[in-house]
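Residue numbers begin at 1 in each chain, while the letters A, B, ... track the order of the sequences.
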Number of protein chains: 2
Amino acid sequence: MILKSQVEWALHCCAILSGLPEGRYLSTKALAELHGLPKEYLSKALQSLSQAGLVLTTLGPSGGYRLAKAPSELTFLEIVEAVEGSGRTFVCNNIRANNPCRPQGYCESGPCAIARIMWEADEAWRAKLRSVTLADLGEILAQDIPADIWNGTFEWVLKRAG
Amino acid sequence: MILKSQVEWALHCCAILSGLPEGRYLSTKALAELHGLPKEYLSKALQSLSQAGLVLTTLGPSGGYRLAKAPSELTFLEIVEAVEGSGRTFVCNNIRANNPCRPQGYCESGPCAIARIMWEADEAWRAKLRSVTLADLGEILAQDIPADIWNGTFEWVLKRAG
DNA sequence: CGAAATAAGGATAACACATATCCTTAATCT
DNA sequence: AGATTAAGGATATGTGTTATCCTTATTTCG
């Protein structure tokens, strides 16, 4: 059970977009170059973000993407779910209903106990992702990344942002 | 990102095995019938449990599986990882290393900040699964399942347990 | 107005992995 | 000796991810 690589791409792209000055846009081409990713396929991930309303777009030259909200209002969970979907990782096929000992036509009262426990674990995962915003990530990155690389990347991005 | 259905099967099988009297074994055939599952393929899930040391097996007629530990010592996480593997759901491909602004030969100090956050969420998921044992599940099931079905199933199992 | 650049999205192929079945082997019980 | 079982190898089959290509509509700029 592994998350799509598009989740990783979307998170990195949002991290870049969160550093973009108000009102400017960054293209798929620039984001793909910056991360060494196939432009056409990365485009699908960005479209997912757009469909989820997390980013805004403009067309034409100098077009591209920007965040639809402040970084402090955009959580990891929103980004992950935009790309990966919001379904649970554990799917209950209700195999208890195949028990030959059960009376004909017997109907369960609620979801299977095993499913409930697995879904609680899913929710713990989601709760953690919901608690981290792009602004939190920005603070961590500012400490992690050497100032020269940080600034160099920022200039590189601004040169290409429409 | 969906867990294998074998995870569901393994959990249900372990739930049954946890009700088995000391020293008795239940066969793949019986477990497959009870849950309405393909015997040959369910066998693969049970082999995973065996390889992980969670269940013990015997050969020959009256052979089959029993738990290797007390239900109170066997966690959901162990069962899930036996079938699904213990790898993380988020794989970091270190795409930050493709940043064209970075100096040649520059080497990262540690794992990517995005990966660290995603891995914390994974750990929250694992922590929840680690906190629930088969004994806990047994208590919940005893309350969920009507007594007649519970007892009927128990008899059905005992009739087939070697 | 016309050319270039861009996002959006449909079609399709390649690939990996989950699912499923079949068969052989070795061990165990009656 | 014969029946039953777990273990595991080999081999399909199906589904979802990854990836590429192409068309369309929109916007910017000369």
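- The side chain of A/Q51 sits closest to C/dG9 out of D/dT28, C/dA20, C/dG9.
- A salt bridge is defined here as a Lys NZ or Arg NE, NH1 or NH2 lying under 4.0 Å from an Asp or Glu carboxylate O, and B/R102 with A/D148 fails to meet this definition.
- Protein atom CD1 of A/I95 is 13 Å distant from nucleotide atom P of C/dT19, rounded to whole Å.
- Backbone-only engagement by B/G64 is indicated by non-hydrogen atom pairs under 4.0 Å involving sugar-phosphate atoms exclusively.
- Between the side chains of B/R96 and B/N98, no donor N or O sits under 3.5 Å from an acceptor N or O.
- The shortest distance between the side-chain N/O atoms of A/Q6 and the OP1/OP2 oxygens of D/dA19 is not below 4.0 Å.
- With C/dA18, C/dG9, C/dA20 as the choices, the nucleotide that has an atom nearest any side-chain atom of B/K4 turns out to be C/dA18.
- Annotation: of the two residues near DNA chain D, B/S27 and A/E84, the 5′-most nearest-nucleotide partner is B/S27.
- For B/T28, whose side chain is taken as the heavy atoms from C-beta onward, the closest listed nucleotide among C/dA7, D/dT4, D/dA6 is D/dA6.
- The distance between atom CD1 of A/I2 and atom C1' of D/dG16, rounded to the nearest whole Å, is 13 Å.
- Of all nucleotides listed (D/dT5, D/dT28, D/dT20), D/dT28 comes nearest to the side chain of A/P61.
- Only one option out of A/K4, A/R126, A/R130 pairs with A/E81 in a salt bridge (Lys or Arg N to Asp or Glu O under 4.0 Å); it is A/R126.
- Between C/dA20, D/dT17, C/dA8, one nucleotide has an atom nearer to the side chain of A/Y41 than all others, and that is D/dT17.
- Protein atom CE of B/M1 is 16 Å distant from nucleotide atom C1' of C/dA18, rounded to whole Å.
- Between the side chain of B/S50 and the backbone N or O of B/L46 there is no donor-acceptor pair closer than 3.5 Å.
- Here the C1' atom of nucleotide D/dA6 and the CG atom of B/L17 are 14 Å apart, to the nearest Å.
- Mapping A/L3 and B/L46 onto DNA chain D via the closest heavy atom, the residue that lands nearer the 5' end is B/L46.
- Between the OG1 atom in B/T89 and the CH2 atom in A/W125 there is a gap of 6.0 Å [rounded to 0.5 Å].
- Nearest-nucleotide positions on DNA chain C place A/K39 closer to the 5' end than the other of A/K39 and B/K39.
- Stem analysis of DNA chain D (Watson-Crick or G-U pairs, both distances under 3.5 Å, runs of at least three) returns C:1-30 with D:1-30.
- Atom C1' of nucleotide D/dT23 and atom CD of A/Q47 are separated by 13 Å, given to the nearest angstrom.
- Atom CG of A/L26 is separated from atom C1' of C/dT6 by 13 Å (rounded to the nearest Å).
- A/S5 comes within 4.0 angstrom of the backbone, heavy atoms only, and of no base.
- Residue A/S50 is in sugar-phosphate contact alone, with no base atom involved, counting any heavy-atom pair closer than 4.0 Å across all strands shown.
- If you check C/dA7, C/dG9, C/dT21 against the side chain of A/E40, the one that comes closest is C/dG9.
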- [ ] Before giving the answer on side chain to side chain contact (heavy atoms under 4.5 Å, CB included), spell out for A/T57 and A/R66 the whole-Å C-alpha distance, their side-chain angles and the decisive distance to 0.1 Å.
- [x] CA-CA 7 Å; A/T57 68; A/R66 70 175 177 90; over 6 Å; no
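- Between A/L42 atom CG and C/dG9 atom P the separation is 15 Å, expressed in whole Å.
- The side chain of A/K29 has C/dT6 as its nearest neighbour among D/dA6, C/dT6, D/dG8.
- Between B/L59 atom CG and C/dT28 atom P there is a gap of 6 Å when expressed in whole angstrom units.
- For C/dT6, the OP1/OP2 oxygens have no side-chain nitrogen or oxygen of A/T57 closer than 4.0 Å.
- Side chains of B/N93 and A/S5: a donor-acceptor N/O pair is absent below 3.5 angstrom, by distance only.
- Taking the side chain as every heavy atom from C-beta outward, A/H35 and B/N99 never approach each other to under 4.5 Å.
- For the pair A/K69 and A/E78, the salt-bridge criterion is met [side-chain N within less than 4.0 Å of a carboxylate O].
- Side-chain proximity of A/K44 to C/dG9, D/dA6, D/dG8: nearest is C/dG9.
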